[in-house]
Amino acid sequence: MSIGRMTLTILGCNSAKPCHGRFQTSQILQLGNETLLLDCGEGAQIRMMDYKVKKSRISTVLISHMHGDHLYGLPGFIGSLSLDKRNAPLTIYGPVGIKTYLSAVFTASQAHLSIDLVIHEIAPVVAERIFLSKDYQITAFPVSHRVPTYGYLVEEINPTINVEKSAISRYSLTIPEIKKLKAGQDLVRGDQIIDHRQLTLGSKPLRSYAYCADTTVAGWNTSVIENTHTLYFETTYLDELRTKAHQRKHSTAREAGELAKQLGVNRLVIGHYSSQYRDIQPLLDEAKAYFENTVAGYDGLILEIE
Ligand SMILES: [Zn+2]
Ligand SMILES: [Zn+2]
């Protein structure tokens with residue numbers, strides 16, 4: 001069974017502060033009926049209303065790191081869900097410290113939340129699967145920034161592969177052979193090898209989305225996001241400011257383009273722009289010079305992951 005549409009909506013794409021009509025980092029990933037919120041910068045709720053995202057449908061929040069531009073919208077968002085008297089719990093994954101942060105905010109403001117929060121503090125040192133359903137899985141992986149920071153890879157799960165009925169009789173397939181074909185192995189008959197794809201139905205290219213929030217391109221294991229369909233990668237600066245970018249543990253548009261090419265992804269989405277850029281076209285042009293299929297993220301961008 002397929003998960004249905006996989007759609008990315010950018011709620012905010014600026015870095016440290018809101019400006020030039022751009023809010024700080026926040027994204028929505030829609031997976032059929034499931035809605036994930038990736039980071040929750042200030043203004044995320046306003047953008048949800050602007051872009052008609054139903055916040056009541058958000059089941060899970062994935063927080064990359066504890067910097068305010070990715071997090072300051074979260075208490076307000078939880079407060080709204082509580083006021084709306086939502087019954088379903090909200091699941092939050094984030095770095096160690098997120099429980100203390102939320103508890104401090106809600107205690108100091110004497111908030112009485114009517115929503116249950118299920119908070120998972122994570123600290124993966126290598127790529128680690130944190131969620132698995134029948135349709136998709138989420139893997140968290142460490143990236144390289146000034147504080148502990150994690151990227152998230154959301155992947156559609158291989159739909160069940162079925163063996164064609166006609167092939168079963170044609171080749172008098174045994175049960176062990178059928179099991180092997182379903183696992184993607186070829187059929188071996190004497191010295192003849194028959195490609196499993198000729199005998200099976202239902203295998204199709206799988207969709208995936210990798211979210212790399214604030215990070216440098218080096219200093220972490222990028223192999224986990226090789227061949228991802230759509231990669232979001234930060235491009236805080238143009239390459240002429242590479243030294244500054246590295247001092248602040250950020251990346252440049254050129255570096256993101258080069259990395260996307262090296263990883264063999266299908267599409268690159270850029271964002272987390274420094275406030276010094278009113279016009280983001282130069283950042284897009286620079287990334288495109290190294291990786292043609294680059295899209296500049298902007299507040300309100302909606303992309304189908306096909
Ligand atoms: Zn940031
Ligand atoms: Zn940061």
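All residue numbers refer to positions in the sequence shown, counting from 1. Values below: every heavy atom of this structure, side chains too, minus hydrogens, waters and symmetry copies. Just follow the structure's listing: the first ligand is 1, and inside any ligand the first atom is 1.
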Which atoms of the protein, restricted to N, O or S, are nearer than 2.8 Å to the Zn ion (ligand 2)?
His65 NE2, His67 ND1, His145 NE2, Asp214 OD2
Side-chain donor-acceptor contact under 3.5 Å, Glu34 with Ser59
yes
Any salt bridge between Asp239 and Arg242, counting N to O under 4.0 Å?
yes
Parallel under 30°, tilted from 30 to 60°, perpendicular over 60°: which one fits the rings of Tyr211 and Tyr209?
tilted
Lys55/Asp84 ion pair, N-O < 4.0 Å
yes
Are any non-hydrogen side-chain atoms of Asp39 and Gln27 less than 4.5 angstrom apart?
no
Backbone N or O of Phe131 within a donor-acceptor pair of the Tyr93 side chain at under 3.5 Å?
no
